[in-house]
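Notes follow the structure.
Only heavy atoms go into these numbers, but all of them, side chains included; no hydrogens, no water, no symmetry mates. Numbers here simply count residues along the sequence, with the first being 1.
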Amino acid sequence: MKQKIEIPYSLSSMDLQNFVFEGTQTAWYKMGSGKPLLILHGWGSSSAVMKPIAEKLKDIRTCYLIDFPGFGQSPEPPAAWDVDRYTDLTEAFIHQIIEADSVDVLVHSYGNRVLLKLLSRSEIKQKIDKVIITGGAGLKPKRSMKYYFRKYTAKLLKAPFLILPNPLRDKGLNSLRRTKLWKMLGSSDYKQLSGVMRETFVKSVTEYLDDLLPQIEHEALLVWGKNDTATPLDQAYRMDKRLKNGVLVEIENAGHYAFLDQPQQFTAICRAYLNPDS
């Protein structure tokens, strides 16, 4: 079950700035001073959730927070995006807005998918220095019997409609998707979406990035809540093992949002990593 988030901060309209990437608007915010730190949020989240981290690090870093298109104050993209498209936007943002020789990056959940793509791209990876990953998504999860039951039940329900010619096929599938049974089969994230963002979600969660890990040379600090059920600790172990320079730190009594569950400990770990000589 998805953890309910209590947002302790808000981002006022006075903080809001807009970055336009190929016609798509992206809200972003900036605070602090020092070396740039790009902070990327997770799926169904926004910069408002990540602001507590920025508030605690703004004395040592200039923090840049993005609302990915379809989240927070950013409108949905004009068509369904995949992880590569969000990565294209983030790469353009680093080049055009941050405009620094190097930038540190802190990511949560879905933001890790974008980060792994960035670190595998020859040009932009040269600009990325220190990396912090918390509750990072993108690896192939271990699946339960319940998952496979839902998956193959959905396939069986769709099968009769797939043999029909259009427009009967589309009409039948649309009717199926409106049924109570079909809605019960979807994940909680999927059920809350419609249209473009539903397609975007499917494109994102069906792409696994495990094979990118051995190619990444960057030093990466992994900070994980021991009680994380969205991206369980076994994924952190696999990431740590496959990265050439990964270091894993586990936080007790913390879940998927470790930085909200244990803010003081999380901040202390990040500060020690970002400014080891202070």
Side-chain angles (χ1 to χ4, degrees), residues 1-2 19-27 40-46 66-92 109-118 120-121 136-213 229-232 235:
M1 177 181 256
K2 191 169 182 178
F19 171 63
V20 180
F21 171 73
E22 298 182 1
T24 300
Q25 289 192 2
T26 301
L40 303 178
H41 65 78
W43 186 271
S45 185
S46 70
I66 293 177
D67 277 346
F68 285 131
F71 304 94
Q73 298 301 310
S74 295
E76 293 181 0
W81 279 18
D82 57 14
V83 180
D84 279 307
R85 201 74 179 124
Y86 281 105
T87 307
D88 293 340
L89 179 146
T90 307
E91 182 173 356
S109 197
Y110 183 86
N112 185 55
R113 294 179 184 271
V114 174
L115 173 65
L116 295 181
K117 293 274 189 174
L118 289 171
S120 65
R121 294 185 175 185
L139 302 192
K140 188 171 185 178
K142 292 181 178 178
R143 299 298 194 183
S144 65
M145 290 301 294
K146 183 178 180 181
Y147 166 83
Y148 287 108
F149 173 78
R150 287 182 171 183
K151 177 180 177 179
Y152 290 110
T153 300
K155 286 192 173 189
L156 285 171
L157 291 173
K158 286 171 62 177
F161 300 102
L162 297 178
I163 63 175
L164 296 174
N166 270 328
L168 291 177
R169 178 175 57 193
D170 288 343
K171 185 177 180 180
L173 288 173
N174 287 335
S175 297
L176 173 64
R177 293 183 182 111
R178 290 193 293 269
T179 64
K180 185 176 181 180
L181 175 59
W182 184 265
K183 291 176 181 178
M184 288 174 60
L185 294 174
S187 70
S188 58
D189 282 327
Y190 183 81
K191 291 175 192 174
Q192 294 170 17
L193 302 171
S194 61
V196 166
M197 294 312 293
R198 177 169 285 187
E199 290 182 58
T200 297
F201 177 76
V202 173
K203 284 175 177 284
S204 298
V205 300
T206 54
E207 181 179 9
Y208 304 123
L209 306 176
D210 304 62
D211 291 343
L212 293 182
L213 297 178
T229 56
T231 52
Q235 294 194 39

Holding to side-chain hydrogen bond (donor to acceptor under 3.5 Å, both in side chains), I want the full list of residues that pass it with [X], two or more places apart in sequence or in another chain.
{"X": "S204", "answer": "Y110"}
{"X": "T231", "answer": "D228, H256"}
{"X": "D210", "answer": "R238"}
{"X": "Q25", "answer": "none"}

I need the minimum non-hydrogen distance between [X] and [Y], along with the two atoms involved.
{"X": "P77", "Y": "G70", "answer": "CD-N, 4.1 Å"}
{"X": "G42", "Y": "S109", "answer": "CA-CB, 3.8 Å"}
{"X": "S74", "Y": "P69", "answer": "CB-CA, 3.8 Å"}

Exercise for review: Give a yes or no on whether a salt bridge exists between D82 and R85, defined as a side-chain N under 4.0 angstrom from a carboxylate O.
Suggested key: no
**Study point:** Under 3.5 Å donor-acceptor, D67 side chain and A27 backbone
**Key:** no
Check your understanding: Any sub-3.5 Å donor-acceptor pair from N112's side-chain atoms to L115's backbone N or O?
Key -> no
Point to revise | Side chain proximity check, T200 to Y86, heavy atoms < 4.5 angstrom | key: yes
Review point. Taking the side chain as C-beta and beyond, is there a heavy-atom pair between K203 and W81 under 4.5 Å?
Key: no
**Study point:** Verdict with supporting geometry, W43 and F71, ring pair (Phe, Tyr, Trp, His ring centres under 6.0 Å)
**Key:** CA-CA 8 Å; W43 186 271; F71 304 94; 4.9 Å; yes
Exercise for review: Mind checking the OG1-CZ spacing from T26 to F21? Nearest 0.5 Å is all I need.
Suggested key: 8.5 Å
Practice item. Could you list the residues that satisfy side-chain contact (heavy atoms from CB on, under 4.5 Å) with P232, not counting sequence neighbours? Key: D234, Q235
Review point. Residues two or more places apart in sequence or in another chain: which of them pass side-chain contact (heavy atoms from CB on, under 4.5 Å) with T87?
Key: V83, V114, K117, L118, R121
